[in-house]
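Chain letters run A, B, ... following the sequence lines, proteins first, then strands; residues in each count from 1. All values below were derived from every heavy atom in this structure, side-chain atoms included, with hydrogens, water molecules and symmetry-related copies excluded.
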2 protein chains.
Amino acid sequence: MTWIDIPEHSPFGPDTLPLGVFRTGDEEPRVGAAIGDQLIDLAPVASAQMLDGAQWFAEPTLNGFLALGRPAWQATREWLLDLVRNEAQRDAVEPHLIPLSAVTMQLPFEVADYVDFYASEQHASNLGRLFRPDSEPLLPNWKHLPVGYHGRAGTIVASGTEIVRPSGQRKPPDAAAPDFGPSRRLDIEVELGYVVGRPSTLGRPVPVDAFEEHVYGVVLVNDWSARDLQAWEYVPLGPFLGKSFATSISPWVVSLDALRDAAIPLGPQDPPVLPYLAGDRLTVHDITFEVRLNGQLVSTPKYKELYWSPAQMVAHMTVNGATLRTGDLFASGTVSGPGPDERGSFIELSWGGREPLTVNGEQRTFLEDGDEVTITGWAQTSSGQRIGLGEVTGRITPAVG
Amino acid sequence: MTWIDIPEHSPFGPDTLPLGVFRTGDEEPRVGAAIGDQLIDLAPVASAQMLDGAQWFAEPTLNGFLALGRPAWQATREWLLDLVRNEAQRDAVEPHLIPLSAVTMQLPFEVADYVDFYASEQHASNLGRLFRPDSEPLLPNWKHLPVGYHGRAGTIVASGTEIVRPSGQRKPPDAAAPDFGPSRRLDIEVELGYVVGRPSTLGRPVPVDAFEEHVYGVVLVNDWSARDLQAWEYVPLGPFLGKSFATSISPWVVSLDALRDAAIPLGPQDPPVLPYLAGDRLTVHDITFEVRLNGQLVSTPKYKELYWSPAQMVAHMTVNGATLRTGDLFASGTVSGPGPDERGSFIELSWGGREPLTVNGEQRTFLEDGDEVTITGWAQTSSGQRIGLGEVTGRITPAVG
């Protein structure tokens, strides 16, 4: 399938070809495509072959490329597939292969707006039980619309960025007033993020079937969360400082085209959704995540059970006329399955801290200083092929004194 | 005080000198400073006088200038004051005066993150009574921290942009399920917005007394709100589509230096705030807003009664290590005073739609298609001088069918 050597178990086979932004030494960051344990330095190859839009690969973000839209994305993918499949391209490409071990990956795109949804029924139910134990776990609106909110775009960071433990106001239910200090309930959220390329027009909703015209691809997201800060602050306007200190994303953006054979029909929605959210070809990707704490596998959330399709998220997010912009990132919300080992956050895995996990022989609930969390993920095609999404990782450093 | 003619009742006297981005004919947008009913086209004047940073005035946004930080902002202000006060500058400046009537004003800066606070006690109490009639109007966290949330940066629009009535899910309390259609409770929110210039460092909180190092100045904000969409969607993650369709800001950014003599001590806070929010020189500006619906004055909210100081908002927003970026906009939240004619939204002015206002002889509650809302504001100095903030205006157009 390709003339490039690909190590066994590499996440990036010859059909994946994710795009990212890398830096080597003192050179300016620019765009690469990963294959196996190497990347293709795209700017010189595209420039030599006079590819339309080649100049965007010399940029320090993917935004210029993302703005080009689907026809250009598909033409670029065809070109990339030819580079790696066609032995005749070896002489043109080989001088521009760089080992991944020799580069530093950057944030792949400049984030415009960041929206976080809440689209896993199991996660929303679990959090409802934990945060509002005396009420129905799902609120009345949850099955009528994909609930979501805006997060802080300015603190989306590249995988590998150290996460400083946030401080803030914490008020246990039995305390009379809040105190201040480092979060004691620092957590993760395992999510899939969608990267918007083509913008939309103010005042014009984007229908469900226009999803692929606007969305380029996906990244892995770890939406770090300070549960104690969040629990105290979140009424009535939603999460703020409990989330805004950092959100990590994977460096490689995998295109929807690469994931095409891993799309499966969305599960049933009952009650039926309103017409602007309806579609007869709604899908979700068959993705499995693996969550490791300090190297030990602690959870394997499954994406295919998501209640809301990403096409419905876009239709909902724009139905009031709000625009999409190049670089918008919207994420699924935490992905949790029904099994106890399929939950996408430690507040769920440890059931509010009351049922510790055993990790490397220790009893663990929330994150401690020095902990490293790594999320990997892959999509599975109907033929059983795995398409890797790479990883997003981060280590906790102590609160600033 | 100046050799430039300033019409009586002009909002922009010789000490205000707000900055904005204007366009004339087919020329590229660039930076101007308003005085009276004219503006100074700053790029050619600054360039001829070899002002440090002159190149930023030729840009289509203020972001480059904003990033320079306080010493540059102050030096620029001294230079501007000399231009308008010093008769010897007349020959240099006069050829670059342009009537405001001959230009189109643009969005003055590219918005990074947009945060909306909720800092008026009267407004938060009024909305609590209207949205949660069976509970205490203020939630337990409200006096311990400045409650806020992230809004959509991509739909912040320049004053004068037409506002398309948003559609979305609406569920009256007595309906079994939501329906879909144009908002029936379209509203305004009168706010003051703060424009961040100098960025901060990830993981490093900005203390209350560093406020002026990071914040350049203020704009008027109208945070358009669809109350029916908001009421149904906002639990548990906060407002989303009820707000994200549009937020209008005034075109002229007035610097904190211009407002220095209009700052007054913040009112008492009880219970006492945590140390990271405390300061012995916390202030708020003595600003009066005027809200006009189709030309008729309907409300005059007063800013000086705000519960939280903007310096506390910055300290809170960054205490978890979140960064400030150039172009961040954070707004006060709706400003309402205790008087019935001092409320900053129609849901308050009409008490949930139950007590209509008489406007131009008609009974009115929420906004109708064709309505035009204009908010003006001025700050009052200790010597009684008025410093105008200009205006933010917008007209409602019918929902897209």
B:Ser167 versus A:Asn320, side-chain donor and acceptor atoms under 3.5 Å: no
Proximity breakdown for B:Arg165 and chain A, heavy-atom pairs closer than 4.5 Å: neither
Nearest-0.5 Å distance that lies between atom CG in B:Asp116 and atom CG in A:Leu237: 8.0 Å
Any donor-acceptor N or O pair under 3.5 Å, side chains A:Tyr149, B:Glu233: no
Side chain, backbone, both or neither of A:Asn141 within contact of chain B (heavy atoms, under 4.5 Å): both
Most chain B-contacting option - heavy-atom pairs closer than 4.5 Å, from A:Thr318, A:Leu145, A:Val157: A:Leu145
Residue pair B:Arg152 / A:Met317, side-chain heavy-atom distance below 4.5 Å: yes
Among the listed options B:Leu274, B:Asp328, B:Thr155, the residue most often paired with chain A at heavy-atom distances under 4.5 Å: B:Leu274
Option that, when pairs with chain B are counted at under 4.5 Å, heavy atom only, ranks first among A:Pro199, A:Pro239, A:Gly168: A:Pro239
Under 3.5 Å, sequence neighbours excluded: what are the donor-acceptor pairs made by side chains of residues 130-140 of chain A?
residue	atom	partner	partner atom	Å
A:Arg132	NH2	A:Pro137	O	3.4

Proximal component of B:Tyr118, with respect to chain A [non-hydrogen, under 4.5 Å]: side chain
Heavy-atom check, side chain of B:Leu277 versus side chain of A:Gln169, under 4.5 Å: yes
Chain B contact via A:Leu202 - which portion, at a heavy-atom distance below 4.5 Å: side chain
Any side-chain heavy-atom pair of A:Pro236 and B:Val235 under 4.5 Å: no
Nearest atoms (heavy-atom pairs only) where B:Ser244 meets A:Ala322: O-CB, 3.5 Å
Top of A:Pro166, A:Ala153, A:Gly203, A:Pro271 for chain B proximity - count of heavy-atom pairs under 4.5 angstrom: A:Ala153
Top contributor to chain A contacts, counting heavy-atom pairs under 4.5 Å, from B:Ala112, B:Pro205, B:Gly128, B:Pro178: B:Pro178
Heavy-atom contact with chain B under 4.5 Å, split by part of A:Val400: side chain
Region of A:Tyr276 in contact with chain B, defined by heavy-atom distances below 4.5 Å: side chain
Contact leader toward chain A among B:Leu229, B:Thr397, B:Leu324, B:Thr323, where contacts are heavy-atom pairs under 4.5 Å: B:Thr323
Close side-chain approach of A:Pro275 to B:Phe180, heavy-atom, < 4.5 Å: no
Test item: A:His144 and B:Trp232 side chains (from C-beta on) under 4.5 Å apart, heavy atoms: yes
Selection from B:Ala246, B:Gly321, B:Gly151 maximising heavy-atom pairs under 4.5 Å formed with chain A: B:Gly151
A:Ile163 versus chain B, the contacting section by heavy-atom distance below 4.5 Å: neither
Parallel, tilted or perpendicular, as decided by the 30° and 60° cut-offs, for the rings of B:His316 and A:Phe240: tilted
Leading residue by heavy atom contact count with chain A [cutoff under 4.5 Å; candidates B:Val164, B:Asp113, B:Val111]: B:Asp113
